[in-house]
Amino acid sequence: MTQQKALDRCDLVMRWAFCSLIFFVPISTALVESFFGLILLTFFIKRGVVIIPEINAQIRRGVSPFSLERWKAYADFFRPSPSFLNVPIGVFLLINFLSVLFSPYPLLSLRGVIFKLFENIYLYFAFVECMTARRAINAFLTVFVGSAMLIGASGVTQFVTGRDFIYGNLLGGGRVMASFKHPNDYGSYLLIAIFVLLGLVMASFSRRGAEPRGQLDRVLFHNRALLLLILVVNIACLGFTFSRGAWVGFSAAVFLLILLDRRGGIASLIILCLFFMVFTPLLVKNRNVSFTSDDVRWTESQELQKKELESQSAPSPGPETAVSSSLKESVGEVIERIKNFTGCGRTDNFWAGAFHVIRKYPVFGSGYNTYQKVIESDHKIPQAYPHNCYLQMAAETGVIGLAAFLWVIGLLIVKSLAALPLIRDPHVSGTLGGLLAGLGGFFTHAAFDTNFYSVQLGSLMWVMMGLAVALRSAGLADSRPGAGAGERQAG
């Protein structure tokens with residue numbers, strides 16, 4: 001077997017493993033980790049196919065194992081393919097390794113960096129490296145849409161019958177979670193799925209550009225009725241998660257889409273308004289919460305008691321005074337309710353704990369993967385994660401670690417947005433625009449939950465960041481003047 005054939009087969013294995021991983025992300029943590037391991041193993045086998053012969057040649061030439069040439073060969077083993085995110089990701093990874101040196105639990109931190117963060121980052125690198133052809137990207141999107149359809153059907157089944165058909169998960173508290181462990185996790189997944197689907201739907205209705213090329217393009221972009229049905233089902237499932245953080249992410253994604261695509265954004269805004277009109281009353285009924293209260297019935301009861309006491313002790317006001325007083329009371333009540341709002345313990349408990357760790361370790365943090373240990377040792381009692389990925393990142397890697405990560409996601413969004421007007425293929429631009437909106441919603445929801453630190457959702461995030469980069473590269477390659485059919489197919 002020639003070296004090039006070996007490299008091509010490694011890419012083929014990684015593509016197959018990525019399609020399998022994205023299908024099973026909402027279904028099985030164990031399978032996600034298994035395909036995760038296969039991808040990383042194949043990635044480094046591919047590196048070995050190139051580098052081991054080079055090292056053997058150096059040995060035959062008598063090159064010293066400690067020479068600069070030999071160390072360069074060792075470094076090439078870990079060097080990813082070029083992409084515009086390599087530098088900020090490299091800085092972010094370096095800061096995480098530095099946090100190990102300043103951590104009160106260095107071994108725990110080092111294990112986390114190597115076996116969690118390092119692997120996730122190389123998941124992104126491997127995706128960008130192997131998903132270069134349009135047909136590979138389309139196959140991946142087809143599998144992702146199929147998975148979203150399956151999990152959407154699972155969510156609907158759970159809502160109707162009380163159990164999902166994958167694991168038999170119960171409809172706890174009237175909240176849909178399908179095959180996930182918690183409705184909030186399902187909400188995070190749906191933010192990506194909904195807006196990728198929305199991007200595909202918008203692309204299928206676009207009159208700009210030529211007809212789709214190839215069978216996979218036709219499956220993705222011309223089955224409008226099926227795509228619309230899957231989209232509607234997933235939006236309904238997002239509503240029935242009753243995850244307030246996911247709903248905020250949904251709103252943020254819609255407003256980002258308005259900036260990206262005026263026509264699609266207006267349609268999305270209408271969907272958003274209808275969504276809140278339908279599901280806000282159900283949120284109060286099913287969870288007894290609102291966006292300003294964690295206990296609606298208790299709050300209403302307290303307000304009624306307060307009004308009864310005031311009406312008994314105060315003289316009857318005139319009509320104008322009554323209207324003015326009522327308005328002042330309603331505004332004051334809303335302000336008071338917002339003051340007492342804790343987001344189910346987030347602001348006064350979970351986030352307070354994170355700020356405590358940040359104040360204690362402000363620069364390099366307490367070390368990746370050590371938050372739970374540090375907070376328990378300081379408070380002497382078990383404490384939950386802060387339910388804010390950015391606060392947890394600042395606590396574990398310091399403010400410079402958080403700044404580096406914000407650089408990564410900021411550069412991803414800015415570079416991708418800048419490329420959108422240059423991409424001629426409406427199918428690529430529509431999918432990329434929807435994906436960027438979904439990632440914006442996902443990153444917004446991360447301010448209220450533990451998305452980055454979940455095996456399933458963390459893998460989803462890094463893979464979808466890789467998909468955004470791959471779509472951008474494929475779209476720009478297609479848009480270059482004089483790009484031939486063969487060049488377009490290579491992406």
Side-chain angles (χ1 to χ4, degrees), residues 88 92 117 120 180 182-195 238 241-257 259 272 275-276 283 287 289-294 338-339 341-359 362 365-366 368 371-372 375 383-414 435-462 464-465 468:
F92 177 61
L117 180 64
N120 268 326
F180 283 88
H182 195 279
N184 290 351
D185 293 344
Y186 186 29
S188 296
Y189 172 84
L190 286 170
L191 289 172
I192 301 288
I194 285 169
F195 286 93
L238 178 65
T241 63
F242 297 116
S243 171
R244 291 177 290 181
W247 290 10
V248 171
F250 184 51
S251 304
V254 166
F255 286 112
L256 180 57
L257 199 59
L259 298 176
L272 181 67
F275 179 90
F276 276 100
L283 173 70
R287 285 194 64 190
V289 298
S290 69
F291 281 94
T292 58
S293 174
D294 291 327
I338 292 172
K339 279 184 187 177
F341 179 66
T342 67
C344 293
R346 281 169 172 79
T347 57
D348 65 344
N349 187 13
F350 304 146
W351 294 1
F355 281 118
H356 167 76
V357 179
I358 293 168
R359 285 192 295 269
S366 64
Y368 187 87
Y371 181 85
Q372 193 80 24
I375 202 72
Q383 290 278 326
Y385 287 112
H387 290 73
N388 182 314
C389 293
Y390 305 102
L391 287 181
Q392 183 168 342
M393 191 173 291
E396 293 189 334
T397 62
V399 292
I400 59 171
L402 175 60
F405 181 75
L406 293 177
W407 181 20
V408 172
I409 61 176
L411 190 62
L412 171 70
I413 292 173
V414 168
L435 176 59
L436 289 175
L439 283 171
F442 183 91
F443 292 139
T444 301
H445 186 208
F448 307 98
D449 225 295
T450 58
N451 301 2
F452 301 166
Y453 301 94
S454 158
V455 172
Q456 292 166 285
L457 297 178
S459 300
L460 176 68
M461 178 185 76
W462 286 102
M464 287 300 165
M465 287 168 66

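One N or O on the side chain of N388 and one on the backbone of A447 form a donor-acceptor pair closer than 3.5 Å.
Looking at L412 and L439, their side chains come closer than 4.5 Å, going by heavy atoms from C-beta outward. Contact check for W462 versus F452: no side-chain heavy atoms found under the 4.5 Å cut-off. Using a 4.5 Å heavy-atom threshold, the side chains of C389 and D449 count as separate. Between M464 and F442, the closest side-chain pair of non-hydrogen atoms is not below 4.5 Å. In this structure, the side chains of V408 and M465 come closer than 4.5 Å at one or more pairs of heavy atoms.
A centroid separation of 6.0 Å or more is found between the aromatic rings of Y371 and Y453.
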Next item on the list: In sequence, state the C-alpha distance, the side-chain angles, and the governing distance for F448 and N184, and then conclude on side-chain contact (heavy atoms from CB on, under 4.5 Å).
Entry: CA-CA 9 Å; F448 307 98; N184 290 351; over 6 Å; no
Margin query: Let's go through L391 and I358 carefully: what are the C-alpha distance in whole Å and the side-chain angles of both, what is the deciding distance for side-chain contact (heavy atoms from CB on, under 4.5 Å) to 0.1 Å, and is it a yes or a no?
Written below: CA-CA 8 Å; L391 287 181; I358 293 168; 4.1 Å; yes
Notebook entry, point to check: Is there a side-chain contact (heavy atoms from CB on, under 4.5 Å) between F242 and V289 once you walk through the steps?
Noted result: CA-CA 10 Å; F242 297 116; V289 298; over 6 Å; no
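Under the side chain to side chain donor-acceptor pair (under 3.5 Å) criterion, S366 pairs with T370, sequence neighbours left out. Contacts of A193 classified as side chain to side chain contact (heavy atoms under 4.5 Å, CB included), with partners at least two apart in sequence or in another chain: F144, A148, Y189, N234. Every side chain to side chain donor-acceptor pair (under 3.5 Å) that S188 has, sequence neighbours left out, goes to H445, N451. Residues passing the side chain to side chain contact (heavy atoms under 4.5 Å, CB included) test with L406, sequence neighbours excluded: Y390, L402, I409. Taking Y368 as the reference, nothing meets the ring pair (Phe, Tyr, Trp, His ring centres under 6.0 Å) condition, with sequence neighbours excluded.
Between the CG atom of N120 and the OG atom of S459 there is a distance of 5.0 Å, given to the nearest 0.5 Å. A distance of 11.5 Å separates CG of L436 from CG of L259, quoted to the nearest 0.5 Å.
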In a table with atom names and distances, give each donor-acceptor pair under 3.5 Å that connects a side chain of residues 246-253 to protein atoms at least two apart or in another chain.
residue: W247; atom: NE1; partner: L238; partner atom: O; Å: 3.1
residue: S251; atom: OG; partner: W247; partner atom: O; Å: 3.1

